[in-house]
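Every number for a ligand or one of its atoms is a count from 1 in the order of the listing.
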Amino acid sequence: MRAVTWQGRRKVSVDTVPDPAIKEPTDAIIRVTSTNICGSDLHLYEVLGAFMTQGDILGHEAMGVVEEVGREVDGLQVGDRVVIPFNISCGHCFMCDHGLQSQCETTQNRDQGTGAALFGYSKLYGEVAGGQAEYLRVPQAQYTHIKVPQDGPDERYVYLSDVLPTAWQAVEYADVPDGGTLVVLGLGPIGSMACRIAAHRKSCRVIGVDLVDERLTRAREYCTDVIDLRRDDAQDMVLGHTDGRGADSVIDAVGMEAHGSPIAGTMQTAAGFLPSPVGRVVMKQAGVDRLAALNSAIALVRRGGTISLSGVYGGAADPINMMTLFDKQIQLRMGQANVKKWVPDIMPLLTAEDPLGVEQFATHRLPLSAAPEAYETFQKKEDGMVKVVLSP
Ligand SMILES: NC(=O)c1ccc[n+]([C@@H]2O[C@H](COP(=O)([O-])OP(=O)(O)OC[C@H]3O[C@@H](n4cnc5c(N)ncnc54)[C@H](O)[C@@H]3O)[C@@H](O)[C@H]2O)c1
Ligand SMILES: [Zn+2]
Ligand SMILES: [Zn+2]
(Lines give C-alpha, C1' and ligand atoms only; values in the text may rest on other atoms or scores of the structure.)
(Ligands and ions follow the chains in the order given, each with its own letter.)
Protein backbone atom coordinates (compact mmCIF):
# COMPACT_ATOMS: atom_id res chain seq x y z
CA MET A 1 0.00 0.00 0.00
CA ARG A 2 0.97 3.66 -0.25
CA ALA A 3 1.67 5.47 3.03
CA VAL A 4 3.10 8.76 4.29
CA THR A 5 6.34 8.05 6.14
CA TRP A 6 8.63 10.11 8.33
CA GLN A 7 12.11 10.41 6.82
CA GLY A 8 13.85 12.97 9.00
CA ARG A 9 13.40 16.45 10.28
CA ARG A 10 11.02 18.33 7.97
CA LYS A 11 10.99 15.45 5.52
CA VAL A 12 8.14 13.08 4.80
CA SER A 13 7.63 10.91 1.73
CA VAL A 14 4.96 8.70 0.20
CA ASP A 15 6.23 5.13 -0.11
CA THR A 16 5.07 1.65 -0.92
CA VAL A 17 5.07 -0.39 2.32
CA PRO A 18 3.65 -3.80 3.27
CA ASP A 19 -0.13 -3.93 3.77
CA PRO A 20 -1.06 -4.18 7.44
CA ALA A 21 -2.44 -7.50 8.69
CA ILE A 22 -4.34 -8.65 11.78
CA LYS A 23 -1.77 -9.41 14.53
CA GLU A 24 -3.99 -9.71 17.58
CA PRO A 25 -7.53 -11.07 17.85
CA THR A 26 -8.62 -7.57 18.97
CA ASP A 27 -7.38 -5.91 15.73
CA ALA A 28 -9.31 -4.75 12.71
CA ILE A 29 -8.13 -3.49 9.33
CA ILE A 30 -9.81 -0.54 7.69
CA ARG A 31 -9.54 0.81 4.16
CA VAL A 32 -8.92 4.51 4.66
CA THR A 33 -11.14 6.91 2.71
CA SER A 34 -10.06 10.20 4.34
CA THR A 35 -7.10 11.05 6.56
CA ASN A 36 -6.12 14.49 7.86
CA ILE A 37 -2.90 16.29 8.65
CA CYS A 38 -2.94 17.77 12.17
CA GLY A 39 -1.03 20.49 14.01
CA SER A 40 0.23 17.63 16.21
CA ASP A 41 1.94 16.09 13.17
CA LEU A 42 4.01 19.25 12.96
CA HIS A 43 5.59 18.42 16.34
CA LEU A 44 6.89 15.15 14.80
CA TYR A 45 7.93 16.98 11.66
CA GLU A 46 10.06 19.29 13.76
CA VAL A 47 10.72 19.21 17.50
CA LEU A 48 9.79 15.61 18.40
CA GLY A 49 11.80 14.21 15.52
CA ALA A 50 14.20 12.65 18.00
CA PHE A 51 11.47 10.17 18.97
CA MET A 52 10.79 9.04 15.39
CA THR A 53 12.32 6.24 13.36
CA GLN A 54 12.88 6.60 9.65
CA GLY A 55 10.00 4.94 7.83
CA ASP A 56 7.38 5.39 10.60
CA ILE A 57 3.91 5.80 9.08
CA LEU A 58 2.35 9.09 10.16
CA GLY A 59 -1.23 10.14 10.82
CA HIS A 60 -3.90 9.81 13.49
CA GLU A 61 -7.07 11.27 11.95
CA ALA A 62 -8.39 8.54 9.67
CA MET A 63 -11.77 7.17 8.69
CA GLY A 64 -12.82 4.45 6.30
CA VAL A 65 -14.52 1.14 5.84
CA VAL A 66 -13.90 -2.05 7.83
CA GLU A 67 -12.17 -4.67 5.68
CA GLU A 68 -11.35 -7.38 8.21
CA VAL A 69 -11.95 -8.00 11.93
CA GLY A 70 -10.08 -10.17 14.45
CA ARG A 71 -11.99 -12.94 16.18
CA GLU A 72 -12.42 -11.05 19.46
CA VAL A 73 -13.79 -7.90 17.85
CA ASP A 74 -17.50 -7.95 18.47
CA GLY A 75 -19.91 -5.23 17.41
CA LEU A 76 -17.93 -4.34 14.30
CA GLN A 77 -18.49 -5.84 10.87
CA VAL A 78 -16.88 -5.82 7.48
CA GLY A 79 -18.39 -2.92 5.54
CA ASP A 80 -19.07 -0.71 8.58
CA ARG A 81 -18.17 2.94 8.07
CA VAL A 82 -15.97 4.08 10.96
CA VAL A 83 -13.93 7.01 12.21
CA ILE A 84 -10.85 5.97 14.19
CA PRO A 85 -10.10 7.95 17.39
CA PHE A 86 -6.49 9.13 17.62
CA ASN A 87 -6.04 7.40 20.97
CA ILE A 88 -6.12 3.62 21.19
CA SER A 89 -8.23 2.51 24.13
CA CYS A 90 -9.71 -0.76 25.35
CA GLY A 91 -13.07 0.31 26.79
CA HIS A 92 -12.85 -1.94 29.85
CA CYS A 93 -10.02 -0.73 32.13
CA PHE A 94 -10.22 1.63 35.13
CA MET A 95 -9.30 4.69 33.04
CA CYS A 96 -11.70 3.92 30.19
CA ASP A 97 -14.46 3.33 32.77
CA HIS A 98 -13.73 6.82 34.11
CA GLY A 99 -13.93 8.52 30.71
CA LEU A 100 -10.14 8.94 30.61
CA GLN A 101 -9.54 7.00 27.40
CA SER A 102 -6.33 8.91 26.68
CA GLN A 103 -4.89 7.24 29.80
CA CYS A 104 -6.10 3.69 28.93
CA GLU A 105 -4.28 1.19 31.16
CA THR A 106 -4.32 -1.52 28.51
CA THR A 107 -2.40 0.60 25.97
CA GLN A 108 -0.38 2.89 28.30
CA ASN A 109 3.30 3.12 27.37
CA ARG A 110 4.83 2.30 30.72
CA ASP A 111 8.37 2.12 29.34
CA GLN A 112 8.05 5.76 28.26
CA GLY A 113 5.96 6.91 31.21
CA THR A 114 3.23 8.12 28.84
CA GLY A 115 -0.51 7.58 28.48
CA ALA A 116 -2.53 5.60 25.95
CA ALA A 117 -0.92 4.58 22.67
CA LEU A 118 -1.63 6.91 19.76
CA PHE A 119 -1.65 6.21 16.04
CA GLY A 120 1.38 7.49 14.16
CA TYR A 121 2.93 9.17 17.16
CA SER A 122 6.51 8.13 17.77
CA LYS A 123 8.27 6.03 20.40
CA LEU A 124 6.65 8.14 23.09
CA TYR A 125 3.24 6.70 22.29
CA GLY A 126 3.79 3.11 21.25
CA GLU A 127 5.18 3.40 17.71
CA VAL A 128 1.86 2.33 16.19
CA ALA A 129 1.67 2.70 12.41
CA GLY A 130 -0.48 5.70 11.51
CA GLY A 131 -3.46 6.36 9.30
CA GLN A 132 -2.02 8.50 6.47
CA ALA A 133 -2.10 5.39 4.33
CA GLU A 134 -4.41 3.27 2.21
CA TYR A 135 -5.01 0.78 5.03
CA LEU A 136 -4.77 0.97 8.81
CA ARG A 137 -4.46 -1.73 11.45
CA VAL A 138 -6.62 -0.71 14.42
CA PRO A 139 -5.61 -2.31 17.75
CA GLN A 140 -8.32 -2.69 20.44
CA ALA A 141 -10.79 -2.35 17.58
CA GLN A 142 -13.70 -3.58 19.70
CA TYR A 143 -13.67 -0.09 21.27
CA THR A 144 -11.27 2.03 19.18
CA HIS A 145 -13.81 3.00 16.54
CA ILE A 146 -16.77 5.32 16.08
CA LYS A 147 -19.48 3.95 13.82
CA VAL A 148 -21.00 6.60 11.58
CA PRO A 149 -23.96 6.52 9.17
CA GLN A 150 -23.39 5.30 5.61
CA ASP A 151 -24.72 8.55 4.13
CA GLY A 152 -23.19 12.03 4.15
CA PRO A 153 -19.71 13.10 3.03
CA ASP A 154 -16.57 12.01 4.89
CA GLU A 155 -16.03 15.61 6.02
CA ARG A 156 -19.17 15.43 8.12
CA TYR A 157 -17.58 12.78 10.35
CA VAL A 158 -13.81 12.69 9.89
CA TYR A 159 -13.11 15.34 12.57
CA LEU A 160 -14.51 13.00 15.22
CA SER A 161 -11.03 11.44 15.16
CA ASP A 162 -9.46 14.45 16.87
CA VAL A 163 -10.47 18.06 16.11
CA LEU A 164 -14.04 17.86 17.40
CA PRO A 165 -13.46 15.95 20.66
CA THR A 166 -10.26 17.91 21.37
CA ALA A 167 -12.01 21.24 20.91
CA TRP A 168 -15.04 19.97 22.85
CA GLN A 169 -12.85 18.90 25.78
CA ALA A 170 -11.03 22.25 25.63
CA VAL A 171 -14.35 24.07 26.02
CA GLU A 172 -15.55 21.71 28.78
CA TYR A 173 -12.31 22.07 30.72
CA ALA A 174 -12.40 25.87 30.29
CA ASP A 175 -15.62 25.91 32.32
CA VAL A 176 -16.62 29.39 31.19
CA PRO A 177 -19.57 30.76 33.18
CA ASP A 178 -22.77 32.01 31.53
CA GLY A 179 -22.27 35.58 30.39
CA GLY A 180 -18.53 35.21 30.90
CA THR A 181 -15.55 35.72 28.59
CA LEU A 182 -13.52 32.99 26.92
CA VAL A 183 -10.22 33.78 25.21
CA VAL A 184 -8.99 31.21 22.67
CA LEU A 185 -5.28 31.45 21.91
CA GLY A 186 -4.43 30.03 18.47
CA LEU A 187 -6.97 29.77 15.66
CA GLY A 188 -5.71 26.68 13.91
CA PRO A 189 -8.16 23.80 13.53
CA ILE A 190 -8.38 23.16 17.28
CA GLY A 191 -8.74 26.78 18.39
CA SER A 192 -11.16 27.71 15.64
CA MET A 193 -13.33 24.66 16.34
CA ALA A 194 -13.26 25.53 20.06
CA CYS A 195 -14.59 29.01 19.16
CA ARG A 196 -17.38 27.43 17.10
CA ILE A 197 -18.33 25.00 19.85
CA ALA A 198 -18.28 27.67 22.55
CA ALA A 199 -20.35 30.04 20.40
CA HIS A 200 -22.85 27.25 19.73
CA ARG A 201 -23.19 25.90 23.25
CA LYS A 202 -22.45 28.69 25.67
CA SER A 203 -23.79 32.16 26.21
CA CYS A 204 -20.38 33.73 26.57
CA ARG A 205 -18.14 36.22 24.79
CA VAL A 206 -15.55 34.41 22.65
CA ILE A 207 -12.33 36.24 21.79
CA GLY A 208 -9.99 34.52 19.31
CA VAL A 209 -6.26 35.32 19.14
CA ASP A 210 -3.80 34.57 16.32
CA LEU A 211 -1.35 36.26 13.97
CA VAL A 212 -2.19 34.78 10.57
CA ASP A 213 -4.68 36.63 8.33
CA GLU A 214 -6.88 33.81 7.06
CA ARG A 215 -7.06 32.18 10.48
CA LEU A 216 -8.31 35.44 12.00
CA THR A 217 -10.77 35.90 9.14
CA ARG A 218 -12.20 32.39 9.49
CA ALA A 219 -12.67 32.83 13.23
CA ARG A 220 -14.35 36.22 13.00
CA GLU A 221 -17.66 34.66 12.00
CA TYR A 222 -17.89 32.75 15.28
CA CYS A 223 -16.17 35.16 17.69
CA THR A 224 -17.32 38.27 19.47
CA ASP A 225 -13.93 39.81 18.71
CA VAL A 226 -10.56 38.72 17.38
CA ILE A 227 -7.11 39.90 18.41
CA ASP A 228 -4.32 40.09 15.84
CA LEU A 229 -1.10 39.70 17.82
CA ARG A 230 0.88 41.49 15.12
CA ARG A 231 -0.80 44.79 15.86
CA ASP A 232 -3.14 44.57 18.85
CA ASP A 233 -2.25 44.61 22.52
CA ALA A 234 -3.95 41.42 23.72
CA GLN A 235 -3.84 42.39 27.38
CA ASP A 236 -5.43 45.80 26.78
CA MET A 237 -8.15 44.34 24.61
CA VAL A 238 -9.06 41.52 26.99
CA LEU A 239 -9.11 43.88 29.98
CA GLY A 240 -11.31 46.21 27.91
CA HIS A 241 -13.86 43.42 27.42
CA THR A 242 -13.85 42.32 31.06
CA ASP A 243 -14.13 45.41 33.28
CA GLY A 244 -10.38 45.30 33.74
CA ARG A 245 -10.38 41.81 35.32
CA GLY A 246 -9.21 39.45 32.61
CA ALA A 247 -10.97 36.52 30.97
CA ASP A 248 -12.92 33.98 33.05
CA SER A 249 -11.36 31.23 30.96
CA VAL A 250 -8.53 30.88 28.45
CA ILE A 251 -7.98 27.98 26.06
CA ASP A 252 -4.39 27.52 24.86
CA ALA A 253 -4.74 25.88 21.45
CA VAL A 254 -1.18 26.70 20.44
CA GLY A 255 1.24 24.48 22.31
CA MET A 256 4.97 24.30 21.92
CA GLU A 257 5.23 25.54 18.33
CA ALA A 258 4.24 29.01 19.56
CA HIS A 259 5.65 32.07 17.90
CA GLY A 260 7.15 34.42 20.43
CA SER A 261 10.14 32.88 22.24
CA PRO A 262 13.01 32.91 19.75
CA ILE A 263 15.65 31.62 22.17
CA ALA A 264 13.76 28.50 23.17
CA GLY A 265 12.94 28.08 19.50
CA THR A 266 16.62 27.72 18.69
CA MET A 267 17.05 25.11 21.41
CA GLN A 268 14.10 23.10 20.13
CA THR A 269 15.55 23.15 16.68
CA ALA A 270 18.86 21.98 18.06
CA ALA A 271 17.17 19.07 19.87
CA GLY A 272 15.45 18.10 16.62
CA PHE A 273 18.86 17.96 14.95
CA LEU A 274 20.74 15.98 17.60
CA PRO A 275 21.25 12.25 17.06
CA SER A 276 18.18 10.58 18.49
CA PRO A 277 19.24 9.18 21.92
CA VAL A 278 20.85 12.49 22.88
CA GLY A 279 18.02 14.48 21.32
CA ARG A 280 15.45 12.56 23.33
CA VAL A 281 17.20 13.26 26.61
CA VAL A 282 17.56 16.92 25.76
CA MET A 283 13.89 17.14 24.83
CA LYS A 284 12.56 15.36 27.91
CA GLN A 285 14.95 16.55 30.60
CA ALA A 286 16.54 19.78 29.54
CA GLY A 287 13.13 21.16 28.65
CA VAL A 288 12.94 23.06 25.43
CA ASP A 289 9.34 24.12 25.39
CA ARG A 290 8.28 27.40 24.04
CA LEU A 291 5.94 28.68 26.66
CA ALA A 292 4.86 31.90 24.94
CA ALA A 293 1.22 30.84 24.62
CA LEU A 294 0.98 29.41 28.13
CA ASN A 295 2.50 32.61 29.52
CA SER A 296 -0.09 34.65 27.61
CA ALA A 297 -2.84 32.46 29.05
CA ILE A 298 -1.54 33.07 32.58
CA ALA A 299 -1.46 36.82 31.91
CA LEU A 300 -4.90 37.05 30.27
CA VAL A 301 -6.94 34.94 32.68
CA ARG A 302 -8.61 36.72 35.59
CA ARG A 303 -7.92 35.90 39.23
CA GLY A 304 -9.70 32.68 40.12
CA GLY A 305 -10.16 31.84 36.43
CA THR A 306 -9.47 28.66 34.47
CA ILE A 307 -6.88 27.80 31.83
CA SER A 308 -7.63 24.86 29.56
CA LEU A 309 -4.58 23.58 27.69
CA SER A 310 -5.10 21.58 24.57
CA GLY A 311 -1.88 22.65 22.91
CA VAL A 312 0.75 19.95 23.34
CA TYR A 313 3.83 20.63 25.47
CA GLY A 314 6.84 18.34 25.53
CA GLY A 315 9.70 19.33 27.82
CA ALA A 316 10.03 18.98 31.56
CA ALA A 317 12.37 21.65 32.84
CA ASP A 318 11.14 25.02 31.62
CA PRO A 319 10.17 27.17 34.57
CA ILE A 320 6.48 27.87 34.67
CA ASN A 321 5.34 30.89 36.53
CA MET A 322 4.20 29.19 39.75
CA MET A 323 4.16 32.44 41.66
CA THR A 324 1.55 34.01 39.40
CA LEU A 325 -0.42 30.77 39.00
CA PHE A 326 -0.66 30.48 42.76
CA ASP A 327 -1.21 34.14 43.48
CA LYS A 328 -3.98 34.49 40.88
CA GLN A 329 -5.55 31.25 42.11
CA ILE A 330 -5.65 29.84 38.58
CA GLN A 331 -7.11 26.45 37.76
CA LEU A 332 -5.23 24.56 35.09
CA ARG A 333 -6.74 21.61 33.20
CA MET A 334 -5.13 19.81 30.30
CA GLY A 335 -4.41 16.60 28.44
CA GLN A 336 -4.93 14.63 25.28
CA ALA A 337 -8.58 14.48 24.37
CA ASN A 338 -10.56 11.51 25.66
CA VAL A 339 -12.10 11.06 22.24
CA LYS A 340 -14.73 8.42 22.99
CA LYS A 341 -16.01 10.30 26.02
CA TRP A 342 -17.29 13.24 23.96
CA VAL A 343 -18.65 11.44 20.90
CA PRO A 344 -22.23 11.05 22.21
CA ASP A 345 -22.37 14.82 22.85
CA ILE A 346 -20.97 15.74 19.44
CA MET A 347 -22.76 13.28 17.15
CA PRO A 348 -26.17 15.04 17.26
CA LEU A 349 -24.49 18.15 15.77
CA LEU A 350 -23.18 16.27 12.72
CA THR A 351 -26.26 16.71 10.55
CA ALA A 352 -27.04 18.17 7.16
CA GLU A 353 -27.73 21.51 8.95
CA ASP A 354 -24.08 21.42 10.06
CA PRO A 355 -24.16 23.98 12.91
CA LEU A 356 -20.37 23.72 13.43
CA GLY A 357 -19.53 24.13 9.74
CA VAL A 358 -17.53 20.89 9.57
CA GLU A 359 -18.34 20.22 5.93
CA GLN A 360 -16.64 23.45 4.87
CA PHE A 361 -13.88 23.19 7.51
CA ALA A 362 -11.06 21.81 5.33
CA THR A 363 -9.22 24.38 3.28
CA HIS A 364 -7.53 21.69 1.16
CA ARG A 365 -8.58 18.25 -0.09
CA LEU A 366 -5.58 16.58 -1.73
CA PRO A 367 -4.47 13.13 -2.85
CA LEU A 368 -2.26 11.19 -0.42
CA SER A 369 0.60 11.58 -2.88
CA ALA A 370 0.60 15.35 -2.21
CA ALA A 371 1.46 14.86 1.49
CA PRO A 372 5.12 16.02 1.30
CA GLU A 373 4.18 19.42 -0.18
CA ALA A 374 1.14 19.66 2.10
CA TYR A 375 3.25 19.18 5.25
CA GLU A 376 5.61 21.90 4.13
CA THR A 377 2.86 24.34 3.18
CA PHE A 378 0.97 23.63 6.42
CA GLN A 379 4.03 24.20 8.55
CA LYS A 380 4.82 27.48 6.79
CA LYS A 381 1.11 28.46 6.99
CA GLU A 382 1.13 29.32 3.29
CA ASP A 383 -1.57 29.15 0.63
CA GLY A 384 -4.32 29.81 3.19
CA MET A 385 -3.87 26.27 4.47
CA VAL A 386 -5.60 25.56 7.78
CA LYS A 387 -6.82 21.97 7.49
CA VAL A 388 -5.88 19.32 4.95
CA VAL A 389 -7.88 16.18 4.22
CA LEU A 390 -5.96 13.59 2.18
CA SER A 391 -7.65 11.00 -0.03
CA PRO A 392 -5.71 7.74 -0.34
N1 LIG B 1 -4.90 17.81 23.51
C2 LIG B 1 -5.12 17.09 22.41
O3 LIG B 1 -5.68 16.00 22.47
C4 LIG B 1 -4.72 17.64 21.11
C5 LIG B 1 -5.28 17.14 19.93
C6 LIG B 1 -4.97 17.75 18.73
C7 LIG B 1 -4.08 18.81 18.70
N8 LIG B 1 -3.53 19.23 19.85
C9 LIG B 1 -2.59 20.35 19.90
O10 LIG B 1 -3.31 21.56 19.80
C11 LIG B 1 -2.44 22.57 19.23
C12 LIG B 1 -3.16 23.23 18.07
O13 LIG B 1 -3.39 22.29 17.02
P14 LIG B 1 -3.80 22.80 15.57
O15 LIG B 1 -4.02 21.60 14.72
O16 LIG B 1 -4.90 23.79 15.70
O17 LIG B 1 -2.39 23.50 15.16
P18 LIG B 1 -1.92 24.76 14.34
O19 LIG B 1 -0.44 24.73 14.43
O20 LIG B 1 -2.57 24.79 12.99
O21 LIG B 1 -2.51 26.01 15.16
C22 LIG B 1 -1.80 26.76 16.07
C23 LIG B 1 -2.17 28.24 15.86
O24 LIG B 1 -1.56 29.03 16.89
C25 LIG B 1 -1.12 30.25 16.33
N26 LIG B 1 -0.09 30.80 17.24
C27 LIG B 1 1.24 30.58 17.24
N28 LIG B 1 1.84 31.23 18.25
C29 LIG B 1 0.85 31.88 18.92
C30 LIG B 1 0.85 32.71 20.08
N31 LIG B 1 1.98 32.98 20.75
N32 LIG B 1 -0.36 33.21 20.50
C33 LIG B 1 -1.51 32.91 19.82
N34 LIG B 1 -1.55 32.13 18.71
C35 LIG B 1 -0.38 31.62 18.27
C36 LIG B 1 -0.64 29.85 14.97
O37 LIG B 1 -0.59 30.96 14.06
C38 LIG B 1 -1.69 28.81 14.55
O39 LIG B 1 -2.78 29.40 13.86
C40 LIG B 1 -1.16 21.84 18.84
O41 LIG B 1 -0.21 21.98 19.90
C42 LIG B 1 -1.60 20.40 18.76
O43 LIG B 1 -0.55 19.49 18.98
C44 LIG B 1 -3.83 18.67 21.05
ZN1 LIG C 1 -4.73 15.45 15.26
ZN1 LIG D 1 -8.70 1.13 28.62
Asker: Could you check whether any side-chain N or O of D27 sits under 3.5 Å from a backbone N or O of E24, counting only pairs where one atom can act as donor and the other as acceptor?
Answerer: yes

Asker: So is I190 polar-close to ligand 1, meaning N/O to N/O under 3.5 Å?
Answerer: yes

Asker: Have a look at V184, D210, D41 and point out the one with the heavy atom closest to atom 37 (O) of ligand 1.
Answerer: D210

Asker: Under 3.5 Å, N or O to N or O, is G335 touching ligand 1 that way?
Answerer: yes

Asker: Select one of side chain, backbone, both or neither to describe which atoms of Q169 lie under 4.0 Å from any atom of ligand 1, heavy atoms only.
Answerer: neither

Asker: Indicate whether the side chain of S34 and that of R365 have a donor and an acceptor atom separated by less than 3.5 Å.
Answerer: yes

Asker: Is the closest side-chain donor-acceptor distance between D97 and H92 under 3.5 Å?
Answerer: no

Asker: Per the side-chain contact (heavy atoms from CB on, under 4.5 Å) rule, which among I29, D19, I30 passes with R137?
Answerer: I29

Asker: D383 and T377: side-chain donor and acceptor closer than 3.5 Å?
Answerer: no

Asker: Taking a cutoff of less than 4.0 Å between a non-hydrogen atom of the residue and any ligand atom, is S296 in contact with ligand 1?
Answerer: no

Asker: Check K381 against ligand 1 and report side chain, backbone, both or neither, counting heavy atoms closer than 4.0 Å.
Answerer: side chain

Asker: Contact between ligand 1 and S192 is defined here as a heavy atom of the residue under 4.0 Å from a ligand atom; is it met?
Answerer: no

Asker: Using a distance-only test with no angle check, is there a side-chain donor-acceptor pair under 3.5 angstrom linking S192 and R215?
Answerer: no

Asker: Counting heavy atoms only, which part of V386 comes closer than 4.0 Å to ligand 1: side chain, backbone, both or neither?
Answerer: neither

Asker: Does any N, O or S atom in E61 come within less than 2.8 Å of the Zn ion (ligand 2)?
Answerer: yes

Asker: Strictly under 2.8 Å, is the Zn ion (ligand 3) approached by any N, O or S atom of C96?
Answerer: yes

Asker: If you count the atoms of ligand 1 from 1 in the order shown, which ones are under 4.0 Å from a heavy atom of G39?
Answerer: 14 (P), 15 (O), 17 (O)

Asker: Would F86 count as a polar contact of ligand 1, with the cut-off being nitrogen or oxygen pairs under 3.5 Å?
Answerer: no

Asker: Please work out whether any backbone atom (N, CA, C, O) or any side-chain heavy atom from C-beta onward of V212 is under 4.0 Å from ligand 1, and answer side chain, backbone, both or neither.
Answerer: side chain

Asker: Suppose I only count heavy atoms of H43 and a 4.0 Å limit; which atoms of ligand 1 are within that range?
Answerer: 40 (C), 41 (O), 42 (C), 43 (O)

Asker: For the residue pair F86 and F119, is the inter-centroid distance of their aromatic rings smaller than 6.0 Å?
Answerer: no

Asker: For residues N338 and Q169, is any side-chain donor paired with an opposing acceptor at under 3.5 Å?
Answerer: yes

Asker: If the cut-off is 4.0 Å to any non-hydrogen atom of G255, which atoms of ligand 1 fall inside it?
Answerer: 41 (O)

Asker: Distance under 4.0 Å to a non-hydrogen atom of V312: what atoms of ligand 1 satisfy this?
Answerer: 9 (C), 41 (O), 43 (O), 44 (C)

Asker: Only to 10 degrees, please: what angle do the SG atom of C93 and the SG atom of C90 make about the Zn ion (ligand 3)?
Answerer: 110°

Asker: Side-chain donor-acceptor pair under 3.5 Å between Y45 and E376, yes or no?
Answerer: no

Asker: Would you kindly specify which portion of A253 sits under 4.0 Å from ligand 1, judged on non-hydrogen atoms: side chain, backbone, both or neither?
Answerer: backbone

Asker: Only heavy atoms of G186, strictly under 4.0 Å: list the atoms of ligand 1 that pass.
Answerer: 23 (C), 24 (O), 25 (C), 33 (C), 34 (N)

Asker: Considering the heavy atoms of D162, write down every atom of ligand 1 situated less than 4.0 Å from one of them.
Answerer: 5 (C), 6 (C)

Asker: Can you check whether L325 reaches K328 side chain to side chain, under 4.5 Å on heavy atoms?
Answerer: no

Asker: Of the backbone atoms (N, CA, C, O) and the side-chain heavy atoms from C-beta on, which set of T166 has a member under 4.0 Å from an atom of ligand 1: side chain, backbone, both, or neither?
Answerer: side chain

Asker: Using a 4.0 Å heavy-atom threshold (strictly under), name the region of R215 that reaches ligand 1: side chain, backbone, both or neither.
Answerer: side chain

Asker: Pick one of side chain, backbone, both or neither for how V163 approaches ligand 1, counting any non-hydrogen atom pair under 4.0 Å.
Answerer: neither

Asker: What are the atoms of ligand 1, with element, lying closer than 4.0 Å to any heavy atom of L229?
Answerer: 30 (C), 32 (N), 33 (C)

Asker: Ignoring hydrogens and geometry beyond distance, is a side-chain donor-acceptor pair present between Q140 and Q142 at under 3.5 Å?
Answerer: yes

Asker: Is any side-chain N of the basic residue among E68 and R31 closer than 4.0 Å to the acidic one's carboxylate O?
Answerer: no

Asker: Please write out which residues are connected to F326 in a hydrophobic cluster, directly or through intermediates, given that two of Ile, Leu, Val, Met, Phe, Trp, Tyr count as joined at side-chain heavy-atom separations below 4.5 angstrom.
Answerer: none

Asker: Below 4.0 angstrom from a heavy atom of F378, which ligand 1 atoms are there? Numbered from 1 as shown, please.
Answerer: 20 (O)

Asker: Distance only, no hydrogens: is a donor on one side chain within 3.5 Å (strictly under) of an acceptor on the other, for T306 and D175?
Answerer: no

Asker: With salt bridge (charged side-chain N to carboxylate O under 4.0 Å, His left out) as the test, pick out the partner of D248 among R302, K202, R205, R303.
Answerer: R302

Asker: Among the N, O or S atoms of D162, which one sits nearest to the Zn ion (ligand 2)?
Answerer: OD2

